[in-house]
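What follows is one structure encoded as structure tokens, with my remarks underneath.
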Amino acid sequence: MAAPSLLNWRRVSSFTGPVPRARHGHRAVAIRELMIIFGGGNEGIADELHVYNTVTNQWFLPAVRGDIPPGCAAHGFVCDGTRILVFGGMVEYGRYSNELYELQASRWLWRKVKPQPPPSGSPPCPRLGHSFSLYGNKCYLFGGLANESEDSNNNVPRYLNDFYELELQHGSGVVGWSIPATKGIVPSPRESHTAIIYCKKDSGSPKMYVFGGMCGARLDDLWQLDLETMSWSKPETKGTVPLPRSLHTASVIGNKMYIFGGWVPHKGENPENSPNDCEWRCTSSFSYLNLDTAEWTTLVSDSQEDKKNSRPRPRAGHCAVAVGTRLYFWSGRDGYKKALNSQVCCKDLWYLDTEKPPAPSQVQLIKATTNSFHVKWDEVPTVEGYLLQLNTDLPYQTASPDSSAAPNTIVDEICARPATKMSRVEVHAAAVPFSKETPSNPVAILKTEHQWCDVGIFKNNTALVSQFYLLPKGKQSMSKVGNADVPDYSLLKKQDLIPGTVYKFRVAAINGCGIGPFSKISEFKTCIPGFPGAPSTVRISKNVEGIHLSWEPPTSPSGNILEYSAYLAIRTAQMQDNPSQLVFMRIYCGLKTSCVVTSGQLANAHIDYTSRPAVVFRISAKNEKGYGPATQVRWLQGNNKKAPLS
């Protein structure tokens, strides 16, 4: 996580669709890039289901059906794959619920479910402000607030510290409640606390962490429940413990539990001397607990001012949800003194990147011309852009007219036409310069390392590259994004791409924490004028002898096509040292636009694991000048690590 002074909060100011009305006491979960919000209250309990797409910045109201639950606030809300479970909450003033609903988000279908009661004891009573946490096929319910009075207008609060386990059926439905026998001292009764579940990587048992809450006064205690031994304990922590609070949020990303906002005692009030908070206020303080080392770190202190409105203002009863390594915060109510009895709900949406983004996939080639490349790479979730760089100081290499070598340029034919019983085919490029070869001899690949220049910063995961920016004298690189200077490209000189030249490419994703690591390097070569284009519409189908490989002639032949060559990536000893360095053997040379690849040839094929497992082919055309760019095809193999065709 960035240092406290370097946090880059972002307020989402541009969005479309029906924005939910401001509220507090709502809950949110994430399904992939979607943030799903339900319930809450502000001048009445909200009963709509709202969805925010974090990629397109669009709000929408899905058309839900089935046993639609009534609106509720301060309820339990968990996500298991694409199903969501809602338990309890306040359905109207003084009336609480203990009903359980399931939403199948893939169909937006609600269903009321009725779990079996515990083998011994009563099922959970109606409540609000409880915690409801999911791990594996079980949900864990702890605490909350019940109303002792049968008259909803005569609210007699009772704080709870009971603990239940709810077993889920796979995919849909539930089995029933149970009351596990726990060891150790149980946390004191409370409501509006948080509970998360965390398990160390490769070791340890899952543990539930309960923090804070309300029981007449705000609490700042941390409790741990080992879910294997069912033993409660109070872990000793280091660092500054956050102020006592309730109605805050706790979110886990990696090995950190992030605590944001909530009600805290009013400044100057000593909770020990005033156990029943006379006054309280909201906070915008932000801390995390390292769950491996049990150390608290303060990112935004309670006393830290924000005159520039550069982060969320103080709030409680908001929602927080993690999408990848990004935290989103929406709505909630601001602070007020109890005596004034007034509140205002926030309507703003914020996010914070907690760490730099991961490296994207290798740059792939869609199309090459004499002076440009159209390239792409796989999208990285929750990023603000991509920095694309190329390496300019590379060996110059051309194909001689009589060359029988595999081509120096790869062109990506994005779609292959469907064929009867056709195997799964991925057609894309990862071009590399080849040395000459005689038929059936493997091809070696040369690698060099030089300075990198920016092509630019791109919003999406594709780019048309015809120029790059020259490095200023004495600089090894130019890009600094995030908390440092962004280069002013308008002041830099541009350089056009040169025909028949090899360029290395790499790409890095950018978010609020800066530039992430770069992808693996790809190499592509611009076309040489007069050479044929790449074959297109590659199809692969199985037959008795092995597989049948076919293609269409180049759309831009540039003269008469004299022959085609097809190549297969094969296993060699040198590939064990560098698996990304493919070695090809020619398996066909002739005028036909198809060939048979025998089972014997396929038995020696290399399975490429740069993305999904695949056998790699390359096909190129030759005219009077020589071979043009090739089309690379990845024949998908599932998870097979042995010879293909199994």
Side-chain angles (χ1 to χ4, degrees), residues 29 76-81 85 87-88 98 100 115-125 127 129-144 146 159-170 174-213 215 219-239 241-242 248-259 287-296 322:
V29 294
F77 201 56
V78 297
C79 180
D80 175 31
L85 292 168
F87 174 75
N98 63 347
L100 181 67
Q116 292 293 322
S120 60
S122 303
C125 66
R127 67 189 66 203
H130 48 282
S131 59
F132 196 52
S133 310
L134 173 76
Y135 188 82
N137 69 332
K138 292 180 180 177
C139 288
Y140 298 93
L141 169 68
F142 175 73
Y159 295 99
L160 306 170
N161 66 343
D162 49 357
F163 179 62
Y164 287 84
E165 187 178 85
L166 175 66
E167 185 177 352
L168 310 182
Q169 291 178 346
H170 179 71
V174 298
V175 179
W177 294 105
S178 62
I179 304 175
T182 61
K183 306 169 189 174
I185 299 173
V186 178
S188 60
R190 66 193 63 207
E191 57 102 0
S192 298
H193 55 282
T194 54
I196 61 91
I197 298 175
Y198 171 73
C199 186
K200 284 187 181 180
K201 283 185 178 179
D202 306 322
S203 67
S205 58
K207 295 178 175 61
M208 185 171 81
Y209 292 87
V210 174
F211 176 72
C215 183
L219 305 170
D220 64 353
D221 49 350
L222 178 72
W223 293 83
Q224 174 184 285
L225 174 66
D226 188 310
L227 294 179
E228 284 189 2
T229 64
M230 286 295 165
S231 299
W232 285 103
S233 62
K234 287 189 73 173
E236 292 186 7
T237 61
K238 296 170 284 186
V241 178
H248 53 286
T249 53
S251 310
V252 177
I253 296 178
N255 65 345
K256 298 179 177 67
M257 176 177 74
Y258 292 91
I259 301 291
S287 303
Y288 71 77
L289 176 69
N290 185 312
L291 296 167
D292 292 337
T293 64
E295 182 172 5
W296 287 103

Taking salt bridge (charged side-chain N to carboxylate O under 4.0 Å, His left out) as the definition, give me every residue that meets it alongside Asp220, ordered by chain and number, with sequence neighbours left out. none
How about [X] and [Y]: do any of their side-chain heavy atoms sit closer than 4.5 Å?
X: Asn98; Y: Phe87; value: yes
X: Leu160; Y: His130; value: no
X: Gln169; Y: Val175; value: yes
X: Thr194; Y: His248; value: yes
X: Leu225; Y: Met230; value: yes
X: Thr249; Y: Tyr258; value: no
X: Cys199; Y: Ser205; value: no
X: Leu141; Y: Arg127; value: yes

One should read off an interatomic distance between Lys256 NZ and Asn290 CG, to the nearest 0.5 angstrom, of 5.5 Å
Closest non-hydrogen atom pair between [X] and [Y], with its separation:
X: Pro180; Y: Ser178; result: CD-O, 3.4 Å
X: Val186; Y: Thr182; result: CG2-OG1, 4.2 Å
X: Gly76; Y: Phe132; result: CA-CB, 3.7 Å
X: Ile253; Y: Ala322; result: CG1-CB, 3.8 Å
X: Ala146; Y: Cys125; result: CB-SG, 4.1 Å
X: Thr293; Y: Lys238; result: O-CE, 3.5 Å

Any chance you could lay out the side chain to side chain contact (heavy atoms under 4.5 Å, CB included) test for Val78 and Val29, step after step, and finish with the verdict? CA-CA 7 Å; Val78 297; Val29 294; 5.6 Å; no
Determine whether Lys200 and Asp292 satisfy the following criterion, side chain to side chain contact (heavy atoms under 4.5 Å, CB included), listing intermediate values before the conclusion. CA-CA 7 Å; Lys200 284 187 181 180; Asp292 292 337; 3.2 Å; yes
Evaluate side chain to side chain contact (heavy atoms under 4.5 Å, CB included) for His193 paired with Leu219, printing each intermediate quantity in order. CA-CA 9 Å; His193 55 282; Leu219 305 170; over 6 Å; no
For Val210 and Arg190: C-alpha separation, side-chain torsions, deciding distance, then whether side chain to side chain contact (heavy atoms under 4.5 Å, CB included) applies. CA-CA 10 Å; Val210 174; Arg190 66 193 63 207; 4.2 Å; yes
Between Trp296 and Phe211, is the ring-ring contact (aromatic ring centres under 6.0 Å, His included) condition met? List the steps. CA-CA 12 Å; Trp296 287 103; Phe211 176 72; 5.4 Å; yes
Classify the ring geometry of Phe142 against Trp232: parallel below 30°, tilted from 30° to 60°, perpendicular beyond 60°. tilted
